[in-house]
Structure formats: C-alpha cells, structure tokens
Amino acid sequence: MKVNIEKLNAKTPNKRLNALKKVLNAEAEKPVRRDNDANNHIHTIYSFSPYSPTKAAYMAYKAGLTSAGIMDHDSLSGVDEFKQATKMLGLGSTCGVEVRAKFDRGFGKINHPDQANCIYMAAHGIPQQNAKKFNEYLQQFRDRRYERDAKMCELITEKYGKFGLTLDFKKDVYPISQAKNGGSITERHLLYALALKLSKRFGRTNELIDFLQNDLKLKVSDKIKGYLLDQENPHFLYDLLGVLKADTKFFYIDAEDEMPDAEEFIKVAKSFGAIPAYAYLGDVGESPTGDKKAQKFEDDFLPELLDELKKIGILAIAYMPTRNTLEQLKRVQKLCREKGFFEISGEDVNSPRQLFECKALANPEFSHLIESTWALIGHEAISKEKGIEYGMFSDKTIKKTPDLQERIKKFAKIGRDTVK
C-alpha cells in the first residue's frame with residue numbers, strides 16, 4: 001500500500017499522528033538502528049523547520065536513531081505531539097526549548113551572531129507534565145517577538161520596496177508560521193516569506209540569479225546557482241532563504257523585551273524540573289555545516305565565560321560535534337569536566353538539507369554524549385513518574401549520588417528502560 005509521507009505534515013496534530021499510524025502499517029521493513037547516535041536538537045514547525053513534530057520524529061526514526069529530542073525556539077507547543085509520535089515509533093524522547101537571554105558580563109558578542117550581551121541557551125529534559133505551564137510562561141516572549149518581527153518587516157520593505165518587494169507581517173509572515181497554535185516566529189520566517197515572493201516573481205530562472213547578484217548585491221555560488229535553477233529541486237525555497245540569510249544586518253533589530261534575563265530563565269527552568277544549558281558555538285572558520293560565516297565568538301574567553309555561567313546556575317553545556325573542530329571540541333570537553341558541567345549534544349536541524357544523524361558520535365571521544373541523551377530521557381521519565389525532586393540535579397539526587405558521571409550512568413539506564 002502506498003502512503004503519502006507528506007501527510008505527516010498535515011494541518012493538525014491528530015491528522016499527523018493518524019497519518020503516522022498508516023505509514024507504519026504500510027512499511028514492512030524497519031530502518032537499520034544507529035545505537036551509537038542521538039540528536040537532541042531537532043526544530044519543528046513550531047519555530048522554523050520543514051517538519052511537524054510527527055514528521056520530525058519519523059525522520060529521526062528513518063535515519064536509524066533510537067532516540068530524538070525536540071528543541072524549538074521560545075515554544076514547547078509541539079511537545080505532546082512529539083512524545084506521542086516517538087512512542088509510536090519506539091524511540092526514546094526528550095524535550096527542550098531554546099531561548100535568547102540577556103547576559104551582560106562585559107564579554108560583548110558571545111554565541112549570538114547578531115547581538116552582544118545575550119546568549120543562546122536551552123532548557124533540556126523538561127518533564128512532559130510541566131511543558132504546558134512552561135509554555136504559558138514563554139508566551140509573553142513570543143508575543144513581544146511578534147512585535148519586533150513586524151518592525152523588521154518594515155525595514156525589509158524600506159530597502160526592497162524600490163524593487164517592488166514588500167513584506168507585511170500579518171499578511172505574509174504570520175500565516176506561514178504556527179503562531180496561532182503557540183509557535184514562535186523567527187527571522188527565518190521573514191526570509192522564507194521573502195523567498196516565496198521572489199519565487200512567484202522570477203521562478204527558477206537566470207533572472208532570479210541576476211536579481212540576487214546585481215540588484216540585491218548577494219553572493220550566489222555556482223553550487224547554489226545550480227540548486228536555484230534546478231526545476232526539480234524540492235528544497236528550492238530553503239536554498240533561496242540561505243542566500244538571503246547572508247544579508248540580515250540591515251533589518252535586524254536587537255532583541256530586548258522578548259528576552260528573559262538569564263538568571264530568571266534558569267530559575268524558571270529549574271522550577272519546572274528542566275536542566276538549563278548553555279549552547280556552545282565556538283569561533284567559526286570554514287563552517288562544516290555551511291550555515292555560519294567565518295567570525296569570532298566565545299573561544300577567546302571561554303574559561304571565564306563558563307565560570308560566570310556556573311555562578312548563575314547553568315548545569316550543562318550543549319555542543320554539536322559536526323560544527324566545530326576536534327581541537328575546539330576537546331577543549332570544551334576538558335573544561336566541562338574540570339568545572340563539573342553535564343555535556344549534551346544535538347545537531348541543529350531546521351532545514352531539509354540537514355541530516356538527522358550525527359555520525360561524529362560514532363567516534364569514541366564522543367560516545368559519552370549518547371549516554372547523556374539517555375540520561376536526559378531517564379531524567380524526564382523519573383521526574384514524570386515520581387516528581388521533579390527525583391530528577392538528575394535535584395538536591396535529593398545529588399546528595400545520594402554526588403558524582404556526576406555515576407549519576408549519568410544511573411539515569412541513562414532509567415532512560416533505556418523506558419523503551420524496552
């Protein structure tokens with residue numbers, strides 16, 4: 001029986017989950033398992049991604065992963081659907097949220113490419129029973145973000161209006177998001193809306209390439225030209241978005257009210273049983289993933305930064321093995337162990353050209369990150385079953401098992417037992 005995989009991206013969670021049942025009934029052969037792999041940083045349509053929570057879970061399953069983690073910007077609206085989908089697929093699952101938070105300690109630009117004195121951070125391992133309340137807390141920041149999004153649309157129109165390109169937040173951007181269902185709207189939504197207008201106007205033609213290069217003054221590599229001229233390219237809009245993403249300074253407005261203070265967010269995250277983490281970016285030379293320009297971030301002051309993060313209650317450092325050099329990764333690992341940080345990994349997935357698997361985790365130096373994933377899953381499971389006072393970083397647990405590595409092993413076993 002032939003099934004339509006795209007129905008996994010249907011309009012409602014119920015339709016998507018019902019479609020998943022049909023897909024699984026139709027597929028006789030299961031994918032080859034990748035037991036030495038994990039991904040805790042998969043974005044969905046509730047921030048910016050081509051995947052609904054159901055389809056994201058299915059794509060992780062098809063990639064052979066045995067666990068998967070949802071991680072949207074400013075939103076936990078996809079958590080319940082993701083949990084249901086991963087359960088149907090027999091995957092271990094973990095949920096988190098990514099935010100930008102105010103953090104002014106004199107470092108300047110830290111891990112945010114466009115703004116100083118703020119950090120990207122995450123709350124990992126959020127117990128499912130607390131996701132709704134946590135999401136209600138986040139709504140205030142989503143609302144304020146929409147206001148800033150509208151102002152950035154005006155700046156785009158101001159610059160591109162002379163070419164007949166305008167961007168209206170309510171008409172062009174809001175409808176392509178999940179804002180009405182509790183999703184956030186990121187700068188990528190604005191660029192996607194702009195890509196839609198360019199696609200309608202030029203199609204996949206040399207006129208589009210000429211307009212990008214000559215009128216918008218954007219660089220388009222030969223490789224990307226090939227993508228944009230390919231009439232069968234299913235990722236056309238995302239490839240076009242990638243070109244537009246090279247020039248965001250003219251419309252980017254510093255976030256202010258839509259960001260919580262880092263200390264506040266950490267307290268709130270812990271009150272819901274989550275594990276607050278800093279997202280290490282690292283200086284970028286030639287970006288392995290191709291989505292970051294060469295620039296400096298936190299490497300020059302990393303030890304001092306980690307000390308400050310420790311002071312305000314950050315418990316974990318999250319990093320992506322395919323994004324950084326081996327030298328950078330070994331340094332981060334060493335510092336984490338010296339300073340007692342829990343190490344978490346996950347490959348940022350928000351575009352159809354990105355892989356769900358992280359082949360680097362097959363390397364022995366990163367195998368502990370798989371244990372970390374299962375420990376997150378165990379933390380969520382026991383926090384749901386017994387309460388957050390039994391979580392991985394609760395006072396009760398630390399008193400009973402003070403050694404972090406021993407705790408990770410203990411909770412990883414609990415996590416694996418959830419999918420047996």
Taking the side chain as every heavy atom from C-beta outward, state whether [X] and [Y] have any pair of such atoms under 4.5 Å apart.
{"X": "M121", "Y": "N111", "answer": "no"}
{"X": "I45", "Y": "Y51", "answer": "no"}
{"X": "T186", "Y": "N350", "answer": "no"}
{"X": "C118", "Y": "M259", "answer": "yes"}
{"X": "L355", "Y": "T322", "answer": "no"}
{"X": "Y280", "Y": "L302", "answer": "yes"}
{"X": "S47", "Y": "S75", "answer": "no"}
{"X": "I110", "Y": "Y278", "answer": "yes"}

[X]/[Y] ion pair, N-O < 4.0 Å:
{"X": "E338", "Y": "K334", "value": "yes"}
{"X": "D114", "Y": "R100", "value": "no"}
{"X": "K245", "Y": "E187", "value": "no"}
{"X": "E371", "Y": "R416", "value": "yes"}
{"X": "R144", "Y": "E256", "value": "no"}
{"X": "D239", "Y": "R353", "value": "yes"}
{"X": "K311", "Y": "D307", "value": "no"}

Evaluate Q405 against H368 for side-chain hydrogen bond (donor to acceptor under 3.5 Å, both in side chains), listing each step before the verdict. CA-CA 10 Å; Q405 299 310 313; H368 64 291; over 6 Å; no

Begin from the C-alpha positions of N40 and T373 and carry the test side-chain hydrogen bond (donor to acceptor under 3.5 Å, both in side chains) through to its verdict. CA-CA 7 Å; N40 308 310; T373 294; 3.0 Å; yes

Relative to the ring of [Y], is the ring of [X] parallel (under 30°), tilted (30 to 60°) or perpendicular (over 60°)?
{"X": "Y174", "Y": "Y146", "value": "perpendicular"}
{"X": "H73", "Y": "H43", "value": "parallel"}
{"X": "F141", "Y": "Y137", "value": "perpendicular"}

In terms of heavy-atom contacts, does [atom1] of [X] have more than 12 from other residues, nucleotides or ligands at under 6.0 Å?
{"X": "K109", "atom1": "NZ", "answer": "yes"}
{"X": "K339", "atom1": "NZ", "answer": "yes"}
{"X": "K132", "atom1": "NZ", "answer": "no"}
{"X": "D395", "atom1": "CG", "answer": "no"}

For E385 and Y390, does a side-chain donor sit closer than 3.5 Å to a side-chain acceptor? no

Between Q128 and D80: side-chain donor-acceptor atoms closer than 3.5 Å: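 D80 and Q128 do have a side-chain donor-acceptor pair below 3.5 Å.
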
Relative to [Y], does [X] satisfy both conditions: NZ or CZ under 6.0 angstrom from the six-membered ring centre, and within 45 degrees of the ring's axis?
{"X": "R105", "Y": "F301", "result": "no"}
{"X": "R188", "Y": "Y238", "result": "no"}
{"X": "R201", "Y": "F163", "result": "no"}
{"X": "R204", "Y": "Y227", "result": "no"}

Using the rule side chain to side chain donor-acceptor pair (under 3.5 Å), only one of R142, Q139, R145 pairs with D74; which is it? R145

Listed by chain and number, what are the side-chain hydrogen bond (donor to acceptor under 3.5 Å, both in side chains) partners of S345, not counting sequence neighbours?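 If we apply the side-chain hydrogen bond (donor to acceptor under 3.5 Å, both in side chains) test to S345, skipping adjacent residues, there are no hits.
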
Centroid separation under 6.0 Å, is that true for the rings of Y160 and F250?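 Close enough - the centres of the two rings lie under 6.0 Å apart.
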
Quick check: closest heavy atoms across E343 and C336, and the distance to 0.1 Å?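 Here E343 and C336 meet closest at CG-CB, 3.7 Å.
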
For a quick test of reading the model, state the closest non-hydrogen atom pair linking L198 to L212 and the distance between them. CD1-CD2, 4.2 Å

